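Here, residue 1 is the first one in the sequence, and each next residue gets the next number. Note: hydrogens, waters and symmetry copies are ignored here, and every other heavy atom, side chains too, is used. Given the structure is predicted, the values throughout are model-derived calculations rather than measurements.
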Amino acid sequence: QLQPVESGGGSVQTGGSLRLSCEAAGYTSITDRMGWFRQAPGREREGIALIYTDTNDTFYDDSVKGRFTISQDSAKNTVYLHMNTLQPQDTGMYYCAAGRSGWRGYPLHIRAFNSWGQGTQVTVSS
């Protein structure tokens, strides 16, 4: 089972950028999808981006489309989330997860993923 490890979080001002990393050894052999989720204080965890690891196709939630980019470097067993034009509403804990096999519903549904990491905190101040 995958054990993703996220890193790269921090505190930035509005308009700033961060790059999150998710290291997950052997993920391409275990899953065809890796996703990033975000959980703001007092809110449910929500899916924001995923990458199909065999095709490099991507899918984004509307809240981050055009500002965030998900990518992978399979040789480094790492999936990235490049975040630009950060806003205070982007504040939260960011999690990486591996896609569950056989899922046929909404691509970023939380039930479509398992093998969660511990998360990395992103704080955007105005």
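- The backbone N or O of V79 lies less than 3.5 Å from no partner atom in the side chain of Q72, so there is not a single donor-acceptor pair.
- F37 contributes atom CZ, which lies 10.0 Å from atom CG of D61 (distance to the nearest 0.5 angstrom).
- Looking at S17 and N84, their side chains do bring a donor and an acceptor atom within 3.5 Å of each other.
- Between the side chain of T120 and the main chain of S7, no donor-acceptor pair closer than 3.5 Å is present.
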For L81 and I48, what are the C-alpha separation, side-chain angles and deciding distance, and is it a side-chain contact (heavy atoms from CB on, under 4.5 Å)? CA-CA 10 Å; L81 186 66; I48 56 174; 3.9 Å; yes

Let me check something: any side-chain donor-acceptor pairs from residues 97-111 under 3.5 Å, sequence neighbours excluded? List them with distances.
from : atom 1 : to   : atom 2 : distance (Å)
R100 : NE     : R111 : O      : 2.9
R100 : NH2    : F113 : O      : 3.3
W103 : NE1    : G105 : O      : 3.4
W103 : NE1    : Y106 : O      : 3.0
H109 : ND1    : R111 : N      : 3.0

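- T78 contributes a side-chain N or O that, together with a main-chain N or O of K76, makes up a donor-acceptor pair within less than 3.5 Å.
- Residues passing the side chain to side chain contact (heavy atoms under 4.5 Å, CB included) test with V124, sequence neighbours excluded: V12, T14, L86, P88, D90, T91, V122.
- Put simply, the side chain of T55 reaches to within 4.5 Å of the side chain of Y52, judged on heavy atoms.
- When the shell of 6.0 Å around CD of Q39 is examined, it contains more than 12 heavy atoms from other residues, nucleotides or ligands.
- Remark: the backbone N or O of T31 is paired with a side-chain donor or acceptor of T53 at under 3.5 angstrom.
- Checked against a 6.0 Å centroid threshold, the rings of W36 and F68 do not count as neighbours.
- A side-chain donor-acceptor contact under 3.5 Å links R38 and Y94.
- Scanning both residues, E6 and G117, for their nearest heavy atoms gives OE2-CA, 3.2 Å.
- With Y95 as the aromatic partner, R45 meets the cation-pi criteria of under 6.0 angstrom to the ring centre and within 45 degrees of the ring axis.
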